[in-house]
Number of protein chains: 2
Amino acid sequence: MKRHYRIGEVASRTGCSPESIRHYEKLGLLAPPQRGEQGYRSYDQAALARIGFIRHGRSLGLDLHSIQELLALSDNPDTDCTAADDIASRHLEHLEERIAALQSLAGELRQVVHQCRGGKTANCQIIQTLYNHQPACTERGCGDVKA
Amino acid sequence: MKRHYRIGEVASRTGCSPESIRHYEKLGLLAPPQRGEQGYRSYDQAALARIGFIRHGRSLGLDLHSIQELLALSDNPDTDCTAADDIASRHLEHLEERIAALQSLAGELRQVVHQCRGGKTANCQIIQTLYNHQPACTERGCGDVKA
DNA sequence: GCTTGACCCTGTAACGATTACAAGGTTTAG
DNA sequence: CTAAACCTTGTAATCGTTACAGGGTCAAGC
């Protein structure tokens, strides 16, 4: 006797909004679920687990594409595990690069914050810095940082 | 005798693509420049400096909205400098939060990477972790991390 | 003269993941 | 019976940048 859940209940159980669940379905991370009498999506326990998988992957910062690859590996239990390890390692490397970049930015920013106490913007250290300082790299799009 | 530059030269001098420059104009960060004979945008030195300002702000990770606020402050030299300091401080705080979050993710990821040596995905530690592990926070959208 | 390539113009769509609608139908509680 | 809360679909917004399409202008080389 399998319990089934409508999308709203799945949402509150997984912490994943109904919109996102439908989105994952459209992207192919979730198989189209069965439909109830009124055409409502109906999810079983396995689907819940799969959504939890996606959710936890997201909470680790993995993108949906990587998660899709991991799900595909998980669907084929006989595959070599190296591929999964590669995805995680690649992401960890990516995270470490990003942390380093953000730390560098934070350091740069700490040098200018609180430098102009109660003055006028004409003499503001922050604004002066932005005008004068040369970014390290002037290549196209280089140095742009998300967040 | 003021030199003027077309958008392509501005691009190579500032490291900012022509598309981005036009984008900044559309968003109101740059005033619409003078136009040459064929309708080509024509930038003077002040515009170059302003684009450099934007560029450096972006390289520090500021969003365009914050940069616009800083530009507005810079355009009114008599304004109190506190506002600029607030923007920078807020951003620094934001950066530090993000660094902490990413470090936490990286730590979590380091625990699972390289745990499954040459096995099959059926026993893969990474995939098991994604299935089993409960994210700390199951609130809507909580725990999602960009990058 | 005529072609080729490098510029410039405008407007629109893509990226990634999510959210927010609109406009409709259904269930549930008071 | 009615109002709120749910479900359906599709589309558009967010952010900053890039990539087109479809067109115009100009200089160098043949």
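Proteins get letters first, then strands, A, B, ... in listed order; numbering begins at 1 in each.
Whole-Å rounding puts the B/K26 NZ to D/dT18 P distance at 14 Å. The distance from atom CD of B/E37 to atom C1' of D/dA27 is 15 Å, rounded to the nearest whole Å. Atom pair B/E25:CD and C/dT10:P shows a separation of 7 Å (rounding to whole Å applied). Straight-line distance from the NE2 atom of A/H23 to the P atom of D/dA12: 16 Å, rounded to whole Å. Note: CG (B/L62) to P (D/dT17) measures 12 Å, nearest angstrom. When rounded to the nearest whole Å, the span between NE2 of A/H65 and P of C/dT18 equals 16 Å. With rounding to whole Å, B/I67 atom CD1 is found 8 Å from D/dG16 atom P. C/dC9 atom C1' lies 12 Å from atom OH of B/Y43, rounded to whole Å.
Summarising the local packing, CD of B/E9 is surrounded by more than 12 heavy atoms from other residues, nucleotides or ligands at distances under 6.0 Å.
Listed pair B/Y24 / D/dT17 meets the phosphate criterion, a side-chain N or O lying under 4.0 Å from OP1 or OP2.
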Exercise for review: Give the intermediate values and the outcome of side-chain contact (heavy atoms from CB on, under 4.5 Å) for residues A/R110 and B/L92.
Suggested key: CA-CA 7 Å; A/R110 256 179 236 117; B/L92 178 55; 3.4 Å; yes
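Remark: the backbone N or O of B/G36 is not paired with any side-chain donor or acceptor of B/H4 at under 3.5 angstrom.
Side-chain atoms of B/R50 and B/Y43 include no donor-acceptor pair closer than 3.5 Å.
Connection of B/Y40 to B/L48 is not established within any shared hydrophobic cluster, with ILVMFWY side chains joined at heavy-atom distances below 4.5 Å, either directly or through further cluster members.
When each of D/dT17, C/dT19, D/dT11 is scored by its nearest atom to the side-chain atoms of B/S20, the top-ranked nucleotide is D/dT17.
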Listed pairs, N/O of protein and of nucleotides 7-9 of chain D, under 3.5 Å:
{"residue": "D/dC7", "atom": "OP1", "partner": "A/G8", "partner atom": "N", "Å": "2.3"}
{"residue": "D/dT8", "atom": "OP1", "partner": "A/R41", "partner atom": "N", "Å": "2.8"}
{"residue": "D/dT8", "atom": "OP1", "partner": "A/R41", "partner atom": "NH1", "Å": "2.9"}
{"residue": "D/dT8", "atom": "OP2", "partner": "A/R22", "partner atom": "NH1", "Å": "2.6"}
{"residue": "D/dT9", "atom": "OP1", "partner": "A/R35", "partner atom": "NH1", "Å": "3.4"}
{"residue": "D/dT9", "atom": "OP1", "partner": "A/R35", "partner atom": "NH2", "Å": "3.0"}
{"residue": "D/dT9", "atom": "OP2", "partner": "A/R41", "partner atom": "NH1", "Å": "2.7"}
{"residue": "D/dT9", "atom": "OP2", "partner": "A/R41", "partner atom": "NH2", "Å": "2.7"}

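Counting only heavy atoms from C-beta outward, the side chains of B/R6 and B/R41 never approach each other to under 4.5 Å.
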